[in-house]
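Written below as structure tokens is the structure these notes are about.
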Protein chains: 2
Amino acid sequence: MNIKEASQKTGVSSAAIRYYEKESLIPAIDRTEVGNRDIDERILRRIRFVTQMRNAGMSIESLRRYIELFDAQEDNTNEQKAILQEQLAVMEEKRDDLQAAIDHLNFKLAHFYDHMASTEAELRALEREHQDKLNDKM
Amino acid sequence: MNIKEASQKTGVSSAAIRYYEKESLIPAIDRTEVGNRDIDERILRRIRFVTQMRNAGMSIESLRRYIELFDAQEDNTNEQKAILQEQLAVMEEKRDDLQAAIDHLNFKLAHFYDHMASTEAELRALEREHQDKLNDKM
DNA sequence: CTAAACCTTCATGTGTACTTCAAGGCAAGA
DNA sequence: TCTTGCCTTGAAGTACACATGAAGGTTTAG
């Protein structure tokens with residue numbers, strides 16, 4: 001398929017796909033006789049994977065290093081493992097921050113109509129309790 | 001406390017704290033007679049909250065809108081609720097993407113020494129299985 | 001009284017991750 | 001043949017989130 005179709009299927013712009021290829025986040029894409037990209041399912045999966053990682057907050061640079069390790073058949077293996085573990089720790093912290101923020105929002109929404117009905121002072125007291133449990137945020 | 005101490009306590013640069021104030025992510029900070037910022041615990045909590053949301057991947061703009069709703073005593077309440085719910089949905093998707101990425105990494109690490117011992121072909125087969133279960137990533 | 005170590009505002013610079021533009025090639029339909 | 005619609009590369013532009021620098025003010029130590 002051509003790049004436009006790949007763009008439509010993945011929701012990633014053509015320009016971004018070219019960019020990802022240039023930055024080696026996806027493998028080099030085969031070309032037709034005239035030089036146009038011919039994208040297959042394998043590339044589509046890679047694009048979706050990159051999108052997922054990007055949405056999760058991973059930088060292009062980290063992703064490139066990660067994918068390099070992934071594809072490498074070399075053997076600085078212990079160093080590789082250390083890098084993967086480091087990346088994992090970063091992502092877990094990010095997820096936990098996100099979860100705390102989600103809890104925060106859910107609390108707000110759960111008490112939303114309370115909020116509409118009650119005074120600011122009452123709500124602040126309620127929230128203070130919540131925050132004390134949640135250990136000091138905002 | 002002065003801005004430098006606040007910076008040290010929160011791990012957020014002085015410049016970033018000034019920026020957050022300007023962008024209304026934290027309340028207007030009291031000044032001393034000579035015009036220096038005098039930061040209290042309430043502000044510190046706000047800074048930490050902003051940091052957490054930023055780490056979780058929330059943009060400055062989204063955060064500002066969120067905090068506005070938070071602090072408002074006005075009453076476009078149903079619209080407000082809709083916005084909070086929207087924000088929540090975005091964050092949950094982000095968290096799920098992150099979790100998928102973490103699963104991916106954990107799989108890699110769990111099979112890391114397998115990888116060292118086994119051939120590429122064997123590992124790819126193993127991973128294909130894993131991916132099939134995880135429903136089509138990379 | 002002068003230097004160090006804070007602070008202020010305002011302006012400009014920087015890195016990331018793209019997006020957009022310019023200039024041109026190829027293939028199909030009117 | 002010419003317009004439409006796709007594609008190519010390379011360069012330049014853009015948005016966000018700060019970082020850095022300039023020019024100057026105040027307090028504290030020597």
Side-chain angles (χ1 to χ4, degrees), chain A residues 1-40 43-44 46-67 87 90-91 94 97 101, chain B residues 1-40 43-44 46-67 87 90-91 94 97 101:
Chain A
M1 81 191 71
N2 66 17
I3 199 169
K4 190 172 201 205
E5 194 180 340
S7 171
Q8 284 159 352
K9 284 194 176 172
T10 59
V12 175
S13 74
S14 298
I17 293 174
R18 293 193 193 97
Y19 175 71
Y20 289 162
E21 188 190 13
K22 197 166 63 174
E23 297 298 322
S24 306
L25 300 189
I26 56 180
I29 302 173
D30 290 342
R31 307 306 173 104
T32 64
E33 294 99 33
V34 301
N36 291 4
R37 286 170 182 80
D38 186 14
I39 295 175
D40 60 17
I43 303 288
L44 280 190
R46 282 276 196 147
I47 293 170
R48 294 198 181 101
F49 174 75
V50 168
T51 304
Q52 193 179 49
M53 295 303 228
R54 296 282 307 117
N55 285 345
M58 206 174 187
S59 73
I60 297 290
E61 176 60 23
S62 295
L63 243 180
R64 196 206 347 265
R65 286 202 310 255
Y66 174 68
I67 287 172
Q87 195 58 245
V90 169
M91 291 170 68
K94 206 171 268 239
D97 279 354
Chain B
M1 81 190 71
N2 65 19
I3 199 170
K4 193 174 199 203
E5 194 180 340
S7 170
Q8 282 160 354
K9 284 194 175 172
T10 59
V12 175
S13 75
S14 299
I17 292 174
R18 293 194 192 95
Y19 175 71
Y20 289 162
E21 188 190 13
K22 198 166 64 175
E23 297 297 321
S24 308
L25 300 189
I26 57 181
I29 302 173
D30 290 342
R31 307 307 172 103
T32 65
E33 294 97 32
V34 302
N36 290 5
R37 284 170 183 81
D38 187 14
I39 296 174
D40 60 18
I43 304 288
L44 280 190
R46 283 276 196 144
I47 294 170
R48 293 199 182 100
F49 173 75
V50 169
T51 304
Q52 193 179 48
M53 296 301 230
R54 295 282 306 116
N55 285 345
M58 207 173 186
S59 73
I60 298 290
E61 175 60 20
S62 295
L63 243 179
R64 197 208 344 267
R65 285 201 312 254
Y66 174 68
I67 287 172
Q87 194 59 245
V90 169
M91 290 170 69
K94 204 173 270 236
D97 279 355

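Values below: every heavy atom of this structure, side chains too, minus hydrogens, waters and symmetry copies. Every chain is numbered from 1 and lettered A, B, ... according to where its sequence line falls, protein lines coming before strand lines. If you're wondering where the values come from, they're calculated on a predicted model, not measured in any experiment.
Side-chain proximity of R54(A) to dA17(C), dC7(D), dT8(C): nearest is dA17(C). Proximity note for N36(A) (side chain, C-beta onward) versus dA17(D), dT9(C), dC7(D): the nearest is dC7(D). Distances were taken from every side-chain heavy atom of R31(A) (C-beta onward) to each of dC6(C), dA17(D), dT9(D); the shortest belongs to dT9(D).
What separates CZ of R37(B) from C1' of dG25(D) is a distance of 14 Å, to the nearest Å. Taking atom CD on E23(B) and atom P on dC10(C), their separation rounds to 14 Å, with Å as the unit. Counting to the nearest Å, the C1' atom of dG5(D) and the CD atom of E5(A) are 15 Å from each other. A straight line from CG of N2(A) to C1' of dC26(C) spans 13 Å, rounded to a whole angstrom. The NZ atom of K4(B) sits 13 Å away from the P atom of dT8(C) (whole-angstrom rounding). If you measure from atom CD1 of I39(B) to atom P of dC6(C), you get 15 Å, rounded to the nearest angstrom. Regarding L63(B), its CG atom lies at a distance of 14 Å from the C1' atom of dC16(D), rounded to whole Å. Between I29(B) atom CD1 and dC7(C) atom C1' the separation is 13 Å, expressed in whole Å.
Side chains of V12(B) and R48(B) form no contact here, defined as non-hydrogen atoms less than 4.5 Å apart. At least one side-chain heavy atom of I26(A) sits less than 4.5 Å from a side-chain heavy atom of I17(A). The closest side-chain heavy-atom distance from M53(A) to L25(A) is not below 4.5 Å. Contact of the R46(A) side chain with the I67(A) side chain is registered, since non-hydrogen atoms from C-beta on lie closer than 4.5 Å. With a 4.5 Å cut-off on side-chain heavy atoms, Y20(A) and I29(A) do not count as touching.
A salt bridge does not link R18(A) with E21(A): none of the charged nitrogens is closer than 4.0 Å to a carboxylate oxygen.
Atom CE in M91(B) sits 5.5 Å away from atom CE in M58(B) (nearest 0.5 Å).
Among the atoms of the strands shown, only primed sugar atoms or phosphate atoms (P, OP1, OP2) are found under 4.0 Å from some heavy atom of S59(B).
Each of M58(B) and V34(B) lies near DNA chain D, and the nucleotide nearest M58(B) is the one positioned closer to the 5' end.
Near DNA chain D, meaning a heavy atom under 4.0 Å from it, residues 10-22 of chain A has R18(A) in order of number.
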